[in-house]
Protein chains: 2
Amino acid sequence: MPASEPAEYNPRHYAPVAVTVDVVALTIRDRRLHVLIVERGVEPYAGAWALPGGFIRPDEDLAEAAVRELAEETGVATRPAHLEQLASYGGPGRDPRMRVVSIAYLAFAPDLPDPQAGTDAAAAVWHPVDDVPPLAFDHTRILADGVERARSKLEYTPLATAFAGELFTISDLRLIYESVWGTPLHAGNFHRKVLSVPGFVEGTGQTTETGGPKGGPRAKLYRAGDARLLHPALLRPAREEEIR
Amino acid sequence: MPASEPAEYNPRHYAPVAVTVDVVALTIRDRRLHVLIVERGVEPYAGAWALPGGFIRPDEDLAEAAVRELAEETGVATRPAHLEQLASYGGPGRDPRMRVVSIAYLAFAPDLPDPQAGTDAAAAVWHPVDDVPPLAFDHTRILADGVERARSKLEYTPLATAFAGELFTISDLRLIYESVWGTPLHAGNFHRKVLSVPGFVEGTGQTTETGGPKGGPRAKLYRAGDARLLHPALLRPAREEEIR
DNA sequence: TCGAGTTATTCTCAGCATGAGATTGACTCA
DNA sequence: TGAGTCAATCTCATGCTGAGAATAACTCGA
């Protein structure tokens with residue numbers, strides 16, 4: 001915790017440290033998981049792609065800073081459906097200018113309009129996560145951690161609904177799981193499973209207006225339920241290679 | 001990410017921020033989960049209990065800083081069996097002196113000798129987590145987050161073995177789960193479950209020298225296996241209240 | 001208008017994992 | 001020596017899982 005000897009109360013007796021927030025903002029477009037990245041307009045790494053982020057301000061909370069940077073750099077003004085702290089990255093040398101400790105946040109949103117480059121950014125785009133160019137700083141690693149967190153949280157929380165709109169079908173939900181996990185799921189079993197988890201989804205009595213574009217009956221519409229945890233959980237197919 | 005305009009490269013243009021690490025070090029003593037806390041020797045909160053921690057140094061990684069602070073403040077020089085980043089806490093006002101962002105780490109260790117107060121600490125003790133006095137700063141909250149993380153990770157990782165010594169019996173392992181979760185478990189089912197998870201434990205062919213202090217046969221001794229994830233997971237009994 | 005193809009929803013069924021309880025036999029202590 | 005303890009194993013009813021199939025509502029192009 002803070003301090004030891006009185007001398008240490010004065011930050012100038014310490015090597016200067018800067019604190020930033022970086023945001024891994026995820027959404028689903030065209031059945032693929034996308035991340036919001038910006039083209040840096042300033043040095044270092046000017047011209048390189050990076051996660052949106054920036055220095056915290058003296059009077060704002062860390063999460064507030066994440067939302068603000070998202071809005072400033074990308075024009076994504078909608079508050080994300082879900083925002084959670086991911087992890088912190090602070091090894092010496094990760095920024096060539098000075099010691100920078102960065103708190104990464106993970107944001108989920110339903111499909112949003114195209115972002116607009118804002119302060120400090122030359123461009124801002126949604127990009128498929130499985131095909132991201134090398135990112136500045138250690139952002140490639142941060143993105144990987146964020147994607148893994150998202151995949152994992154889909155298993156035991158109703159977070160997938162944060163990627164969907166107000167109303168959705170079970171198939172919409174399944175496509176979200178398939179997009180995030182990158183794995184096809186058994187439609188019948190998924191259906192049974194979702195409806196059997198108390199509080200995951202809530203029927204509305206409504207159905208879609210038409211069948212799918214290629215046929216099929218109208219689907220029932222659901223909204224997010226009040227569960228905070230899925231019990232039992234929806235587990236990913238076992239990934240043998242990750243166990244050992 | 002770092003920086004915007006060149007002026008911002010200079011940290012003095014920003015309100016000063018200090019970065020600390022705090023450590024939630026957990027162990028099991030006398031069948032109860034204990035946390036390592038120190039009595040602060042300096043202001044602010046002098047005389048209050050707190051988690052061990054302190055400022056990071058310019059040339060060290062965050063995890064290194066956590067290990068160093070643990071050793072300096074408590075004399076716990078053994079490298080913990082497991083160390084992972086927990087979360088960061090950085091709201092304005094959490095430290096009365098200045099803006100302090102703290103990266104919390106979670107450490108697990110087998111039962112260690114009593115700690116010794118070191119730099120900046122008037123005392124250092126292992127204290128049962130379910131009976132901890134109010135802590136300085138937001139450390140009560142950090143501790144709660146750490147304990148919840150530990151409880152949760154026992155479900156799907158072989159982390160419980162980090163609380164055990166080199167060799168342990170299935171009953172030792174069960175006592176660890178019971179201590180951390182605060183719940184009695186069915187001995188027979190636990191036994192079956194642990195042995196059925198590939199790579200969780202590895203038989204040694206050895207047994208304890210004697211039966212238990214109150215009787216019973218000698219137990220087989222195991223060591224930690226090579227699994228990184230438990231599959232299938234050992235789930236806690238459902239906690240109805242946490243689901244909604 | 002018709003037929004082929006698509007998809008939401010529901011079933012079936014075998015296999016595995018679970019919780020609860022009981023059994024066996026090795027060991028302790030008084 | 002006898003009562004009590006406890007590791008280890010089994011039984012059994014129940015529930016969840018993956019895989020496959022059936023049903024019926026809808027689309028589209030011919």
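A residue-by-residue look at B:Pro232 and A:Lys220 shows that A:Lys220 has its nearest nucleotide of DNA chain C further toward the 5' end. Mapping A:Gly216 and A:Arg192 onto DNA chain D by nearest heavy atom places A:Arg192 at the nucleotide closer to the 5' end.
Within residues 155-183 of chain A, no residue places a heavy atom under 4.0 Å from DNA chain D. For the segment residues 200-215 of chain A, the set of residues with a heavy atom within less than 4.0 Å of an atom of DNA chain D comprises A:Thr210, A:Gly211, A:Gly212, A:Pro213, A:Gly215, in numerical order.
By the 6.0 Å contact criterion, CZ on B:Arg79 is open, its count of non-hydrogen atoms from other residues, nucleotides or ligands being 12 or less. Heavy-atom neighbours of A:Arg29 CZ from other residues, nucleotides or ligands within 6.0 Å: above the threshold of 12.
Put simply, CG on A:Leu234 is 12 Å from C1' on D:dC16, counting in whole angstrom units. Remark: C1' of D:dT17 and CZ of A:Phe190 are 15 Å apart, rounded to the nearest angstrom. With rounding to whole Å, A:Asn189 atom CG is found 13 Å from D:dA21 atom P. In this structure, the CZ atom of A:Arg236 is 18 Å from the C1' atom of D:dG18, given to the nearest Å. Whole-Å rounding puts the A:Leu195 CG to C:dT9 P distance at 8 Å. For the pair A:His186 NE2 and C:dT9 C1', the interatomic distance rounds to 12 Å; values are reported in whole Å. Rounded to whole Å, the distance from CG on A:Leu185 to P on D:dG18 is 9 Å.
Side-chain atoms of A:Thr208 come within 3.5 Å of backbone N or O of A:Ala219 as a donor-acceptor pair. Proximity of a side-chain donor or acceptor of B:Arg149 to a complementary backbone N or O of B:Gln85 within less than 3.5 Å is detected. Formation of a donor-acceptor pair under 3.5 Å by the A:Glu178 side chain with backbone atoms of A:Leu185 is found in this model.
A pairwise comparison of heavy atoms in A:Trp126 and A:Pro115 identifies CD1-CD, 3.6 Å as the closest pair. Closest approach of A:Val67 and A:Leu83 over heavy atoms only: CG2-CD2, 3.7 Å.
Proximity of B:His191 to the phosphate of D:dA7: no side-chain N or O atom is located under 4.0 Å from OP1 or OP2. Proximity of A:Lys193 to the phosphate of D:dG15: no side-chain N or O atom is located under 4.0 Å from OP1 or OP2. At D:dA25, none of the side-chain N or O atoms of A:Arg218 fall inside 4.0 Å of OP1 or OP2 (strictly under the cut-off).
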Determine all donor-acceptor pairs shorter than 3.5 Å in which one atom belongs to a side chain in residues 161-173 of chain A; sequence neighbours excluded.
{"residue": "A:Thr161", "atom": "OG1", "partner": "A:Pro158", "partner atom": "O", "Å": "2.7"}
{"residue": "A:Thr169", "atom": "OG1", "partner": "A:Ser171", "partner atom": "N", "Å": "3.3"}
{"residue": "A:Thr169", "atom": "OG1", "partner": "A:Asp172", "partner atom": "N", "Å": "2.9"}
{"residue": "A:Thr169", "atom": "OG1", "partner": "A:Asp172", "partner atom": "OD1", "Å": "3.4"}
{"residue": "A:Thr169", "atom": "OG1", "partner": "A:Asp172", "partner atom": "OD2", "Å": "3.3"}
{"residue": "A:Asp172", "atom": "OD2", "partner": "A:Thr169", "partner atom": "N", "Å": "3.0"}

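Of all nucleotides listed (D:dG18, C:dG19, D:dA25), D:dA25 comes nearest to the side chain of A:Pro217.
Ion pairing between B:Arg236 and B:Glu148 holds under the 4.0 Å rule for side-chain N and carboxylate O.
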